[in-house]
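What's counted below: heavy atoms across the whole structure, side chains too, no hydrogens, waters or symmetry copies.
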Amino acid sequence: MRATAAVLLVLCLLTISHAWDCREVVNIKNLMQIDAGLGQVVATDTSQIPYYLVGDKWIRMPGYLKHITVGPAGIWGVNKDYAIYKYVAGNWVQAAGLLKQLDAGGDQFVVGANMDDTPYCLTSSATVGYKGPGSPLPWTGLPGAVKYYSCGPFGCWAVNKNDDIYLMSLNQDCQNKGWSHIDGKLSMIEVATDGSVFGVNSAGSVYTRDGITASKPEGTGWSNIPMGMLMGHVTYDLGRLWVVSKSAITMVCTH
């Protein structure tokens, strides 16, 4: 009862203190990671059980994953052994390679980082065409070292082991011109289908990048979104900001 009262107090303070109206997601517990894109929401919990949101109901998906992503490239995930899977016709189909994190938010291409923080990209033709063993899967290694990597319509954003932030322009064929350093420090970062960028720093604070446009993909600066509790993960789609706290409380916020 005391914990519920504390959460309600935090949510009231959030509503008063800034323009985001947040509420606790009460019909799912102990989420670890969440991703939203193209009107879809997927998540994994602390037991590595994957879920897909249908209306207001969280439907358990098969298997076990430590990271899951949804976007123009489909639904992909990785398990605790770094094995890569694509969701095809209601089942997970294993793909070649090993990654610790991946993202399906690019223009029908997939990006990710492996255990050594090496970034990779899978072309749109290979991503869309992958149906299982026998389909070509030519992962392209990219320069630099990143621990978390996410793409949207205006570019791909990433953070490295020192929480430094970088931006790369990447096309469907994985062609790029390298990374550009962006000011600030974040421990994870997510790019929405509309190009919005959100992230969480090591202190559990949530930030959004201001001023992003097609002609200025790097934006103009960071704005803090007060949350009242320490956050660990964030994602955004269609006006909804989904945040998971370090204590595994999930909230959804609208602007």
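No side-chain N or O of Asp163 forms a donor-acceptor pair with one of Ser187 less than 3.5 Å apart. Residues Glu190 and Ser150 have side chains that bring a donor and an acceptor to within less than 3.5 angstrom of each other. No hydrogens or angles considered: a donor-acceptor pair under 3.5 Å links the side chains of Tyr52 and Gln40. Using a 3.5 Å distance cut-off with no hydrogens or angles, the side chains of Asp35 and Thr69 do pair a donor with an acceptor.
Ring geometry for His255 versus Trp20: interplanar angle under 30°, hence parallel rather than tilted (30 to 60°).
A salt bridge is defined here as a Lys NZ or Arg NE, NH1 or NH2 lying under 4.0 Å from an Asp or Glu carboxylate O, and Asp117 with Lys161 fails to meet this definition.
Looking at Asp194, its side chain never comes within 3.5 Å of a backbone N or O of Leu238 through a donor-acceptor pair. For the pair Asp45 (side chain) and Ser47 (backbone), a donor-acceptor distance under 3.5 Å is present. Side chain of Gln172 to main chain of Asp107: a donor-acceptor pair is present (N/O by atom type, distance under 3.5 Å, no hydrogens or angles).
Using a 4.5 Å cut-off on side-chain heavy atoms (C-beta onward), Met188 and His233 make contact.
Annotation: Tyr85 is not in aromatic contact with His67 [ring centroid separation under 6.0 Å not met]. Residues Trp139 and Phe109 place their aromatic rings such that the two centres sit no closer than 6.0 Å.
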